[in-house]
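Remarks on the structure that follows.
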Amino acid sequence: PHLKKSAGTTAEERESFQEQLDSGFIDAFRELHPEAMGHYSFWSQRVGNRAPNKGLRLDYFVCSKELFNTEETNKVVVRDSFLLPDVTGSDHCPVVLEL
């Protein structure tokens with residue numbers, strides 16, 4: 001279970017994020033990988049959660065719908081979004097948006 005007072009998991013943060021999605025913006029990773037589970041961008045180093053992959057997805061690319069329109073007239077479109085969990089050196093890993 002998520003800790004109610006942990007950064008990224010408070011009710012206020014979740015509501016704010018949902019408001020962005022409800023207003024028409026898109027979570028790129030979730031849009032492209034709707035069934036993906038176990039893909040996190042943050043792990044607590046304090047308790048060693050990276051090795052067992054007990055983390056949170058706290059880092060996002062929130063995009064306009066236009067970036068997902070693949071009509072030939074669009075010069076820039078989202079092709080993929082993914083995480084690089086094997087890149088270490090931080091409690092977060094890089095999140096990639098491929099255009």
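Rounding to the nearest 0.5 Å places CG of Leu67 at 11.5 Å from CZ of Phe61. Glu13 contributes atom CD, which lies 14.0 Å from atom CD of Gln18 (distance to the nearest 0.5 angstrom). Taking CG from Leu21 and OG from Ser16, the interatomic distance works out to 10.0 Å, rounded to the nearest 0.5 Å. Atoms CZ and SG, on Phe25 and Cys63 in that order, are 9.5 Å from each other to the nearest 0.5 Å.
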>> Before you tell me yes or no, could you show the steps for Ser81 and Tyr60 under side chain to side chain contact (heavy atoms under 4.5 Å, CB included), namely the whole-Å CA-CA distance, both residues' side-chain angles and the distance that decides it to 0.1 Å?
In response: CA-CA 9 Å; Ser81 181; Tyr60 307 89; over 6 Å; no
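At least one side-chain heavy atom of Cys93 sits under 4.5 Å from a side-chain heavy atom of Trp43. For the pair Ile26 and Phe68, the minimum side-chain heavy-atom distance is below 4.5 Å. Between Val77 and Asn69 the shortest side-chain heavy-atom distance does not fall below 4.5 Å. Considering only heavy atoms from C-beta on, Val78 stays 4.5 Å or farther from Glu31 through its side chain.
One hydrophobic cluster, built from ILVMFWY side chains closer than 4.5 Å, holds both Phe82 and Val87. Taking hydrophobic clusters as Ile, Leu, Val, Met, Phe, Trp and Tyr residues chained together by side-chain heavy-atom distances below 4.5 Å, Val96 does not share a cluster with Val76.
Qualifying salt bridge (charged side-chain N to carboxylate O under 4.0 Å, His left out) partners for Arg57, counting only residues two or more places apart in sequence or in other chains: Asp27. Scanning for side-chain hydrogen bond (donor to acceptor under 3.5 Å, both in side chains) contacts around Glu98 gives an empty result, with sequence neighbours left out. Take His92 and apply the side-chain contact (heavy atoms from CB on, under 4.5 Å) test, not counting sequence neighbours, and it matches Phe42, Leu58, Asp59, Ser90.
Leu83 and Phe29 make their closest contact through CD1-CE1, 3.5 Å (heavy atoms, listed as atom of the first residue, atom of the second, distance). Considering every non-hydrogen atom in both Phe17 and Val62, the closest pair reads CE1-CG2, 3.6 Å. Considering all non-hydrogen atoms of both residues, Asn53 and Gly38 come closest at ND2-O, 2.9 Å.
The 12-atom threshold is not exceeded at CD of Glu71, counting heavy atoms of other residues, nucleotides or ligands nearer than 6.0 Å.
Distance alone, capped at 3.5 Å, places no donor-acceptor pair between the Arg50 side chain and the Asp86 backbone.
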